[in-house]
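First comes the structure, then the notes that go with it.
Every heavy atom of this structure was used, including side-chain atoms; hydrogens, water molecules and symmetry mates were not. Ligands are counted one by one from 1 in listed order, and the atoms in each one are counted from 1 as well.
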Amino acid sequence: MISATKDIRNVVFLGHSGSGKTTFIETMLFESGSIPRRGSIEAHNTISDFTDLEHERENTIYSHLMQVKWHNNKINVLDTPGFDDFIGEVVSSLKVSDTALVLLNATSGVEVGTEIIWEYVQNYHTPALFVINQMDHLKADFDATLEQAKNRFGNNSISIQFRRKIQ
Ligand SMILES: Nc1nc2c(ncn2[C@@H]2O[C@H](COP(=O)(O)OP(=O)(O)OP(=O)(O)O)[C@@H](O)[C@H]2O)c(=O)[nH]1
Ligand SMILES: [Mg+2]
């Protein structure tokens, strides 16, 4: 896929371990038609977490680069580990990204991993969007999670999109 520079986006996915980064990216790949079936963490068949060690632990350990084509844009997507043991992978990915997508788990809100990652996002002055994820859980609370984000990260955290899938 050859794209003009103006049509390329470099996005890094960040968030506490288990917030759903790898699963979210797998869904992006599927919904954009890049892959014909959506893998899962439990089935050990996601595009991102492909190493034996990642299958064994069911966590991302290395940064992985993937590409999503959406309309006329090529989105370079970087998945990163949520565990701070592997923070070096986060730092190197932040350095080459234009935008950060910080995932918050709607059942647990701002977690310790989110706080650690936020320090790096600020240090690198990377524009960031929060995604309140895992909204299908019974205990998911969008408003409480947004409120936590505002309290912790400031009133610049405004809601720009809310989408609920009606079953
Ligand atoms: N119900 C539900 N489960 C989800 C969702 N997203 C992820 N999961 C599950 O949550 C667990 C963690 O998902 P991952 O995609 O591995 O999370 P991660 O942020 O990549 O985790 P690390 O790689 O450890 O940083 C897995 O068991 C997923 O199946 C979601 O939107 N809804
Ligand atoms: Mg992951």
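At a heavy-atom cutoff of 4.0 Å, ligand 1 is contacted by no atom of Met135, backbone or side chain. Contact annotation for Thr60 and ligand 1: heavy atoms of both the backbone and the side chain come within less than 4.0 Å of the ligand.
A donor-acceptor pair is defined here as one N or O able to donate and one able to accept, closer than 3.5 Å; such a pair exists between the side chain of Asn45 and the backbone of Ser40. Checking side-chain atoms of Thr46 against main-chain N and O of Asp49 turns up a donor-acceptor pair under 3.5 Å. Ser48 places no side-chain N or O within donor-acceptor distance of the main-chain N or O of Thr22, the cut-off being under 3.5 Å. For the pair Asp141 (side chain) and Ala144 (backbone), a donor-acceptor distance under 3.5 Å is present.
Each of the atoms 6 (N), 7 (C), 13 (O), 14 (P), 15 (O), 28 (C) of ligand 1 lies under 4.0 Å from some heavy atom of Thr23. Annotation for ligand 1: atoms under 4.0 Å from non-hydrogen atoms of Thr22 are 15 (O), 20 (O). Listed by number with element, the atoms of ligand 1 under 4.0 Å from a non-hydrogen atom of Glu42 are 26 (C), 27 (O), 28 (C), 29 (O).
The six-membered or imidazole ring of Phe50 lies away from that of His44, with a centre-to-centre distance of 6.0 Å or more. Phe130 has its ring centre less than 6.0 Å from the ring centre of Phe153.
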Pair Lys21, Glu26 - check salt bridge (charged side-chain N to carboxylate O under 4.0 Å, His left out), show working.
CA-CA 9 Å; Lys21 301 175 290 297; Glu26 186 76 11; over 6 Å; no
Derivation and outcome, side chain to side chain donor-acceptor pair (under 3.5 Å), residues Thr51 and Glu54
CA-CA 5 Å; Thr51 68; Glu54 289 171 318; 3.0 Å; yes
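Within the set Gln134, Glu58, His137, the minimum heavy-atom distance to atom 9 (C) of ligand 1 is found for Gln134.
Polar contact check, Thr80 against ligand 1: no nitrogen or oxygen pair lies under 3.5 Å apart. Of the N or O atoms in Gly20, one or more lie within a sub-3.5 Å distance of an N or O in ligand 1. Considering both main-chain and side-chain atoms, Pro81 never comes within under 3.5 Å of ligand 1 through any nitrogen or oxygen pair. Between Asp49 and ligand 1, not a single N/O pair is under 3.5 Å apart.
By the definition of a contact as any protein heavy atom under 4.0 Å away, atom 4 (C) of ligand 1 is in contact.
In terms of protein heavy atoms, atom 21 (O) of ligand 1 is closest to Gly18 N, 2.9 Å.
A salt bridge is absent between Lys95 and Glu89: the closest approach of a Lys/Arg side-chain nitrogen to an acidic carboxylate oxygen does not fall below 4.0 angstrom.
Residue-ligand proximity: Ser40 is placed with every non-hydrogen atom at 4.0 Å or more from ligand 1.
In plain terms, the two heavy atoms of Ser63 and Thr80 that are nearest each other are OG-CG2, 4.0 Å.
At a cut-off of 2.8 Å, Thr22 coordinates the Mg ion (ligand 2) through an N, O or S atom. The distance from the Mg ion (ligand 2) to the nearest N/O/S atom of Ser48 is not under 2.8 Å.
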